[in-house]
Protein chains: 2
Amino acid sequence: MQAENDSAADPRREAILAAAAELFFSHGFAATSIDAIIERSGGSKRTIYALFGSKQGLCEALIRENSERIFGSERLDDPTLSLEESLLRFARELLRLFLRPDTAGMYRLVVAEALRVPALAESYMRIGPGRARAWLAGRLERARDELGEIDATRAANQFLGLVRSDVYYETVLGLRDPLSEAEVDTMAADAVRVFLHGVRRG
Amino acid sequence: MQAENDSAADPRREAILAAAAELFFSHGFAATSIDAIIERSGGSKRTIYALFGSKQGLCEALIRENSERIFGSERLDDPTLSLEESLLRFARELLRLFLRPDTAGMYRLVVAEALRVPALAESYMRIGPGRARAWLAGRLERARDELGEIDATRAANQFLGLVRSDVYYETVLGLRDPLSEAEVDTMAADAVRVFLHGVRRG
DNA sequence: CTCCTATGGTAATGTGCATTACCAAGTCAA
DNA sequence: TTGACTTGGTAATGCACATTACCATAGGAG
């Protein structure tokens with residue numbers, strides 16, 4: 001009936017979410033005031049409470065919709081590619097994605113609120129990283145002839161860890177500058193190489 | 001002169017830090033009040049302000065000293081072991097450590113405060129995970145005859161990611177129950193196997 | 001004993017901020 | 001045009017809590 005695209009359906013809503021994203025992601029939940037959000041988005045507090053119910057509700061909506069927006073862009077389906085090429089593209093995409101400031105910012109936010117609002121962490125995982133992992137596990141499953149009898153889920157977990165390595169850790173803690181494209185390529189290639197050799201021989 | 005052990009030197013100080021740890025780690029910085037800490041530790045607010053200056057100061061001291069306590073227990077030096085056995089023990093130790101609730105709780109705290117107080121993330125990394133990584137890089141460096149000409153730092157990063165895999169991610173988000181000892185062993189063994197085969201052939 | 005500093009207990013103090021209330025426009029349908 | 005409804009703007013309201021002040025007491029030094 002009315003669902004539409006969910007984006008740009010209501011410009012006021014979008015403006016508020018955009019302002020909230022900027023502030024929540026860079027300052028955290030507690031340190032961001034409703035007034036600061038309004039000051040940046042225009043409009044009135046009344047609107048925020050009409051649309052989201054509370055500050056917490058706004059935060060939840062933000063995380064839910066931004067997970068969609070950030071992680072929804074993965075275009076992973078390409079059945080013609082070799083396993084190696086497939087993993088390579090996936091790794092590069094993943095690194096670029098994870099190292100974007102808004103992705104890291106959202107992760108910080110989810111981590112900080114994880115214990116207070118468990119459902120939020122769950123939906124973040126389901127909409128975001130979990131989707132990538134599910135795709136990866138499926139792709140590895142389909143490569144049994146090349147990889148032998150492996151536990152696809154466990155292998156997917158390992159691959160994700162290998163790609164993130166310690167770099168994501170440092171990025172989240174704000175200890176590292178963004179990677180250059182060349183570094184992304186090198187890291188992705190290294191991860192794929194170690195993974196494929198390691199798993200094939202394992 | 002007076003330094004002593006730094007622990008039990010001042011029972012009042014220790015009591016406050018212990019209570020603060022419990023509350024900060026499980027509820028986060030903002031959601032923990034000074035009154036709640038005092039209620040749990042006994043004593044008076046005056047003492048907190050005398051010892052730590054402010055709530056922020058208490059939090060910083062907590063993270064600094066707990067990094068020491070949590071990560072300081074690694075006993076990694078054992079020059080008689082083979083590379084594989086060495087990595088295996090390291091991986092197991094790391095998994096057990098990372099999956100302890102207090103370790104995950106402290107990570108959440110550091111992540112949440114990372115942008116507000118960058119020095120805190122830096123010292124956490126230096127005292128904690130960075131130390132393990134440095135040891136690992138050194139160990140890999142000493143295994144050049146077995147591994148060939150590798151970039152030890154990059155390999156260490158990969159190994160750490162491989163060990164943590166996605167499990168740490170989920171633990172931090174509160175989406176996973178603690179691992180059993182058997183699971184720890186299996187995961188450690190898998191990680192080492194993939195890593196060694198992958199790097200040797202790389 | 002006596003002063004002095006530190007401590008526990010408790011009561012201010014002040015502030016920041018989420019949430020609500022109110023009012024003056026605007027908007028849209030009939 | 002009118003009237004129900006929504007929105008912007010701004011000013012309450014109320015609360016939670018960090019920080020400080022005050023007081024009574026206890027132990028340590030002289």
Side-chain angles (χ1 to χ4, degrees), chain A residues 1-4 6-64 109 112-113 115-117 119-120, chain B residues 1-2 4 6-64 109 112-113 115-117 120:
Chain A
M1 305 306 178
Q2 26 63 2
E4 295 226 26
D6 200 21
S7 63
D10 184 345
R12 201 171 14 254
R13 183 187 168 87
E14 293 306 309
I16 291 174
L17 282 173
E22 246 178 283
L23 294 171
F24 277 144
F25 291 169
S26 60
H27 301 316
F29 179 79
T32 299
S33 72
I34 297 279
D35 290 286
I37 295 174
I38 279 303
E39 190 177 347
R40 189 168 296 239
S41 74
S44 154
K45 278 188 271 191
R46 193 177 190 86
T47 311
I48 285 189
Y49 285 92
L51 290 175
F52 303 102
S54 68
K55 185 185 182 185
Q56 177 110 200
L58 169 59
C59 183
E60 290 182 28
L62 174 65
I63 288 175
R64 241 180 291 275
L109 194 54
E113 300 302 302
L115 292 189
R116 189 186 333 290
V117 195
L120 199 142
Chain B
M1 305 302 177
Q2 25 64 0
E4 295 227 23
D6 198 22
S7 63
D10 183 346
R12 197 172 17 251
R13 182 187 168 89
E14 292 307 307
I16 291 173
L17 282 172
E22 246 178 283
L23 293 172
F24 277 144
F25 291 169
S26 60
H27 301 315
F29 179 79
T32 300
S33 72
I34 298 280
D35 290 286
I37 296 173
I38 281 303
E39 190 176 348
R40 191 168 293 239
S41 73
S44 153
K45 279 188 270 189
R46 194 176 193 82
T47 310
I48 285 189
Y49 285 92
L51 289 176
F52 303 102
S54 68
K55 186 186 183 186
Q56 177 109 201
L58 169 60
C59 184
E60 291 183 27
L62 174 65
I63 288 175
R64 239 180 292 276
L109 194 55
E113 300 301 303
L115 293 189
R116 189 186 331 291
V117 196
L120 199 142

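Note that the structure is predicted; figures quoted are calculated from it, not measured. Quick note on labels: first sequence line is chain A, next is B, and so on, each numbered from 1.
Here the closest heavy-atom approach between residue Ala19(B) and residue Ser41(B) is recorded as CB-CB, 3.7 Å. Taking each heavy atom of Ile16(A) and Ile37(A) in turn, the nearest pair found is O-CG2, 4.2 Å. In plain terms, the two heavy atoms of Leu115(A) and Ser26(B) that are nearest each other are CD1-O, 3.4 Å. Closest of all the heavy-atom pairs between Ala20(B) and Leu58(B) is CB-CD2, 4.1 Å. The two residues Leu109(A) and Leu62(A) come nearest to each other via the heavy atoms CD2-CD2, 4.4 Å. Taking all atoms of both residues into account, the shortest heavy-atom contact from Thr32(A) to Lys55(A) is O-NZ, 2.8 Å.
In this structure, Ile48(A) places its CD1 atom 10 Å from P of dT19(C), rounding to the nearest Å. Between the CD1 atom of Ile34(B) and the P atom of dG9(C) there is a distance of 16 Å, rounded to whole Å. Between Glu39(A) atom CD and dC17(C) atom C1' there is a gap of 14 Å when expressed in whole angstrom units. Between the OH atom of Tyr49(B) and the C1' atom of dT13(C) there is a distance of 13 Å, given to the nearest Å.
From Ser54(A), atom OG reaches atom CD1 of Ile34(A) across 8.0 Å, with rounding to the nearest 0.5 Å.
Under the salt bridge (Lys or Arg N to Asp or Glu O under 4.0 Å) criterion, Arg116(B) pairs with Glu113(B), not counting sequence neighbours. Partners of Phe52(A) by ring pair (Phe, Tyr, Trp, His ring centres under 6.0 Å), not counting sequence neighbours: none found.
Of the residues in residues 20-29 of chain A, none lies under 4.0 Å from DNA chain D by heavy-atom distance. Within residues 52-61 of chain A, no residue places a heavy atom under 4.0 Å from DNA chain D. Heavy-atom distances under 4.0 Å link DNA chain D to Gly43(A), Ser44(A), Lys45(A), Arg46(A), Thr47(A) of residues 40-47 of chain A, given in residue order.
Of all nucleotides in DNA chain D, those with any atom nearer than 4.0 Å to a heavy atom of chain A start and finish, going 5' to 3', at dT7(D) to dA11(D).
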Kindly determine whether Phe24(B) and Ile63(B) satisfy side-chain contact (heavy atoms from CB on, under 4.5 Å), including the steps that lead there.
-> CA-CA 10 Å; Phe24(B) 277 144; Ile63(B) 288 175; over 6 Å; no
Report the C-alpha separation of Lys45(B) and Asp35(B) in whole Å, then their side-chain angles, then the decisive distance to 0.1 Å, and conclude whether the side-chain contact (heavy atoms from CB on, under 4.5 Å) test is met.
-> CA-CA 7 Å; Lys45(B) 279 188 270 189; Asp35(B) 290 286; 3.2 Å; yes
